[in-house]
Amino acid sequence: MDLASRYKGVVGFVFGNENSNCSEDSYVERLLDRISNGVLAEDRRNAIAELQTIVAESRAGQLAFGAMGFPVLMGVLKEERDDVEMVRGALETLVSALTPIDHAKGPTNEVQPALMNTDLLSRESESISLLLSLLSEEDFYVRYYTLQILTALLTNSPNRLQEAILSIPRGITRLMDMLMDREVIRNEALLLLTYLTREAEEIQKIVVFEGAFEKIFSIMKEEGGSDGGVVVQDCLELLNNLLRSNASNQVLLRETIGFDPLISILKLRGSSYSFTQQKTINLLSALETINLLMMGGSEADPQKDSNKITNKTVLAQKKLLDHLLMLGVESQWAPIALRCSALRCIGDLVAGHSKNLDALSSKVLGEERQVEPALNSILRIILRTSSMQEFIAADHVFKNFCEKNTDGQAMLASTLIPHPNSMTDASLEEDVNMSFGSMLLHGLALSESDGDLETCCRAASVITHILKDNSQCKEKVLQIELEAPMPSLGAPELLLHRIVRYLAVVSSMKNKDGKPGYSYVQPIILKLLITWLADCPNAVQCFLDSRPHLTYLLELVSSTSSTVCVRGLAAVLLGECVIYNKSSENGKDGFTIADAISQKIGLTSYFLKFDEMQRSFIFSSVKPAQSHKPLTRSTTASMAEIEDVDENDLTDQKNEDHPILTSVFDAQFVNFVKGLEVNIREKIVDVYSRPKSDVAVVPAELEQKGGESDKEYIKRLKAFVETQCSEIQKLLGRNATLAEDLARTGHSHPELMAGSGSDRVQVETLRRDLQEASQRVEMLKAEKAKIESEALMYQNLAGKLESDLKSLSDAYNSLEQTNIHLEKEAKTLKSGGTSTSPDIEAIKAEAREEAQKESEAELNDLLVCLGQEQSKVEKLSARLSELGEDLDKLLEGIGDDMALPEDEDEED
């Protein structure tokens, strides 16, 4: 009852004491009184039916019921189990009390009575136990309404109800028994179990022990598999809850039922494939189940890796790859969301599994006359699709295929041979008979002819995966030459130089036309170049062979029109030209590049590009692993209807970088760039801390050569000294520039100048951390000020409500005093016995005058009550006038009767 009292207080504070609510309260209270104290059974049933109606239609009725109705109805459920109609009515009323009533109008922050009722009922563990016991009743509606109540409680208070059900003996067993009940009850129980098993490992174990796997697949088979309705979706959601991050349940499924029933859901039936929205949702849920099995369990489970490999092996043995290729590659009429999910599953299936990698590389698709490797078909999707989501999903396949698969990378790189025909004359539709590499290079060359560099960007992403961590592939691809767009433009061009030229073309096209969609092309091309030049001195040398490349890269780093991400990646690429530079040729060595960075950009500004990039949205929001949101009824509908994201919507992001980059720049690449940043800082500092090797004095040059005259010897020594002086002056100038840069960032302390490169990197890191901490402090201060202002607002609101309540109380007390005074006047009038009509008029005038004075000092609402008292006096006067009798005659006999009690009172 204390809880109910607090509930009343909350309701009164939030909703006030309006007359409508008061009438609802009194009506609900009368109905509850009839239910509790009624004598006739029919009257009590009618009362509970009326109560159900008002609770289902009125939020005020829900509030009133929540304040006082739960004990009454729970008593009915507990003590009157034999009266089925009463139990039905009580349960149906509870369902209505827990079901939100939607109104088109009303504030969004308004308190929901249904949620408050749910919270109130879920606090009582005895009530949950009582509801579970009703599941054993024979009446259909009793079991059905009970399941609906439990589902409503789980929706709003999942943790509390999970704990309550776990504490009740055989609580989950009773729910599992409902899966074998009639269809309607079975479906409701299935939905209840999906809520119950979310993030509840103990409940998951009990449900599996009770035979959940067998029952789930039995229901799905009965409903028609992927062609079934929402019941199949609920079954798959329950199955996913049981398998998510639970390796033991995955092992149990694999070793008991097996994966055959699951894979059969993915099998498309019939000659004409149609994908309704519900079928798409069912297939998406089944693909999520496959993905959970390939994850192997939670990150903390030591058996995760071995379980992951075993699951992938068994799934591949069951021909899962064929079904995934059918859904993701061959079924181009399937919805985009389904194709993307199937492609991601293909990538996850082959990741880190040598046998599955071989199976994918040898898989061919198509009919007898038009057969091609599966990898070619997936590459065609990358180059042709108009959907960004599908490009990312197909690119995920190649990323996982090439990851730590040197043989696969070499196989793909060996096909990178330009097609015999002109690369630009052939259209994209004529690539059916091309090899994988020829198709890829064709996509690069095609961009040159039609001015669309999006295809080039996608091809560059695939080449990145082929070259990653594979020096042999980097050296091989470095030798590839492409034909010039036009024969008149000269000799063939190296692939690396062509890609750098595309990088410059994108920049100019973007500045000229401002076309949307090119904001992600530059970062992806820069990612390819960074991957290519990493630990590959020959690639660095090839890049620097064309002097405009270095000039353009310096301009790109300092460009204000480029994004933070582009400037940072360009700075990383520039740094690679220093740390992986093995050249001793003047003008191309690491010292020259570092000198150009210092003179054209400035070391402070250059290192700042790294800091800005690390704070950008793409690098700060990267996640260790791709996390998929669990599919539920609320999320699958939107996923099933997903089409490609509109380009205009993509540009309306808060960050300036394209959202696609968050998928392309995975955690591995981000960490790789962070490692490069540290090496670049140390290498540049090391370059400035030692002289050029060319400046070293060669002792042989100081000796006089045979047959050389003294005059010639002195002249040669003089030239040598002049060269030395010139080099020393250059070194002093560079060191002065470096000192100025360090001074601007607070690095001018002598002890720091004498320190190593790692010390400077550490100081730079600490400075960046200090800036981030300062920003967080400012954010916390702003949040604190906001919270304080809200608290002050609520305090003022509470004071106003308290003042209104005090005014209402004073007005009510004044009304009572006036009423008492009028009653005394009327009593005196009745007991006087000798008063005449003029006296009555005088009393009436005096009462009216006094009431008028009181009403002016009180609230306007009191006029109604005063008017009622005034009308009583007027009616009395009018009645006396109509009768035309004396007051003495009218009150004769009455005064004597009333005098006796007064005398007795006086004697007492």
Side-chain angles (χ1 to χ4, degrees), residues 395 399 453 456-461 463-465 467-468 474 496 499-511 517-536 539-540 543-544 549-581 593 596-597 600-601 603 605-622 655-681 683-684 768:
D395 186 72
K399 173 183 176 297
L453 292 175
C456 164
C457 159
R458 298 179 180 184
S461 181
I463 296 176
T464 303
H465 303 317
L467 301 182
K468 181 183 176 184
K474 292 179 182 179
L496 179 63
I499 291 175
V500 176
R501 184 156 59 84
Y502 286 161
L503 182 65
V505 170
V506 172
S507 179
S508 61
M509 292 178 65
K510 178 183 176 183
N511 293 334
Y518 287 145
S519 59
Y520 62 89
V521 173
Q522 277 188 311
I524 292 179
I525 294 179
L526 284 169
K527 179 184 177 183
L528 167 60
L529 294 174
I530 290 173
T531 304
W532 200 341
L533 268 61
D535 202 17
C536 186
V540 174
F543 178 82
L544 295 176
H549 290 175
L550 180 60
T551 304
Y552 169 70
L553 204 55
L554 290 169
E555 294 175 355
L556 188 60
V557 172
S558 56
S559 173
T560 56
S561 60
S562 301
T563 64
V564 171
C565 181
V566 169
R567 293 196 297 268
L569 293 174
V572 172
L573 183 61
L574 201 55
E576 285 185 324
C577 294
V578 177
I579 62 177
Y580 297 120
N581 194 322
I593 306 302
I597 294 174
K600 300 293 185 181
I601 304 175
L603 292 182
S605 178
Y606 174 71
F607 289 141
L608 189 61
K609 301 296 187 264
F610 294 143
D611 299 336
E612 294 174 350
M613 179 178 63
Q614 298 297 343
R615 291 195 298 267
S616 66
F617 175 79
I618 295 176
F619 278 74
S620 61
S621 62
V622 68
N655 61 87
E656 59 180 349
D657 296 306
H658 201 284
I660 190 179
L661 297 179
T662 58
S663 300
V664 176
F665 287 7
D666 55 2
Q668 290 183 353
F669 180 73
V670 170
N671 294 331
F672 172 68
V673 169
K674 290 180 179 179
L676 278 177
E677 175 189 343
V678 176
N679 294 335
I680 291 169
R681 291 175 184 269
K683 182 66 175 180
I684 290 180
R768 184 169 65 249

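Below, each value reflects all heavy atoms present in this structure, side chains not excepted, and no hydrogens, waters or symmetry copies. Bear in mind the structure is a predicted one, so any value in this text is a computation, not a measurement.
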field: Check: Ile530 and Leu676 side chains under 4.5 Å, non-hydrogen atoms
entry: yes

statement: Residue pairs meeting ring-ring contact (aromatic ring centres under 6.0 Å, His included), one or both in residues 560-580, sequence neighbours left out, come to none

Closest non-hydrogen atom pair between Thr464 and Lys527, with its separation: CG2-CE, 4.1 Å

- line: With sequence neighbours left out, the residues meeting side chain to side chain contact (heavy atoms under 4.5 Å, CB included) with Ser605 are Ile601, Lys609

Pairing residues for Lys468 by the side-chain hydrogen bond (donor to acceptor under 3.5 Å, both in side chains) criterion, not counting sequence neighbours: Glu403, Gln668

- line: dist Ile684:CD1 -> Asn679:CG (nearest 0.5 Å) comes out at 11.0 Å

field: Set of residues satisfying salt bridge (charged side-chain N to carboxylate O under 4.0 Å, His left out) with respect to Lys399, sequence neighbours excluded
entry: Asp666

- request: Look only at the side chain of Ser559 and the backbone of Leu556, and say whether a donor-acceptor pair between them is shorter than 3.5 Å.
  value: no

message: So, using ring-ring contact (aromatic ring centres under 6.0 Å, His included) as the criterion, who are the partners of Phe665 when residues are at least two apart?
response: Phe669

Heavy-atom check, side chain of Val557 versus side chain of Arg567, under 4.5 Å: no

- prompt: Taking C-beta and beyond as the side chain, do Tyr606 and Ile680 meet within less than 4.5 Å on heavy atoms?
  reply: yes

- request: With sequence neighbours left out, write down each residue that passes side-chain hydrogen bond (donor to acceptor under 3.5 Å, both in side chains) with Ser620, or none if nothing qualifies.
  value: none

- request: Report the C-alpha distance between Ile618 and Met613 in whole Å, list the side-chain angles of each, state the deciding distance to 0.1 Å, and finish with yes or no for side-chain contact (heavy atoms from CB on, under 4.5 Å).
  value: CA-CA 8 Å; Ile618 295 176; Met613 179 178 63; over 6 Å; no

- prompt: Is the side chain of His549 donor-acceptor paired with the backbone N or O of Phe543 at a distance under 3.5 Å, no angle test?
  reply: yes

task: With sequence neighbours left out, write down each residue that passes side-chain hydrogen bond (donor to acceptor under 3.5 Å, both in side chains) with Thr662, or none if nothing qualifies.
output: none

- prompt: Where do Phe617 and Cys565 land on the side-chain contact (heavy atoms from CB on, under 4.5 Å) test, with the steps shown first?
  reply: CA-CA 9 Å; Phe617 175 79; Cys565 181; over 6 Å; no

message: Using the side-chain hydrogen bond (donor to acceptor under 3.5 Å, both in side chains) criterion, which residues pair with Asp395? Sequence neighbours excluded.
response: Ser461, His465

Partners meeting side chain to side chain contact (heavy atoms under 4.5 Å, CB included) with Glu555 (sequence neighbours left out): Thr551

- prompt: Any side-chain heavy-atom pair from Val572 and Leu526 closer than 4.5 angstrom?
  reply: no

Check: Phe610 and Arg681 side chains under 4.5 Å, non-hydrogen atoms: yes

For Val521 against Leu453, the heavy-atom pair lying closest together: CG1-O, 4.1 Å

message: Using the side chain to side chain contact (heavy atoms under 4.5 Å, CB included) criterion, which residues pair with Ala539? Sequence neighbours excluded.
response: Leu478, Trp532, Leu533, Cys536

field: Those residues that, when tested against Ser663, pass side chain to side chain contact (heavy atoms under 4.5 Å, CB included) (two or more places apart)
entry: Ile392

- prompt: Is there side-chain contact between Leu569 and Pro523, with heavy atoms separated by less than 4.5 Å?
  reply: yes

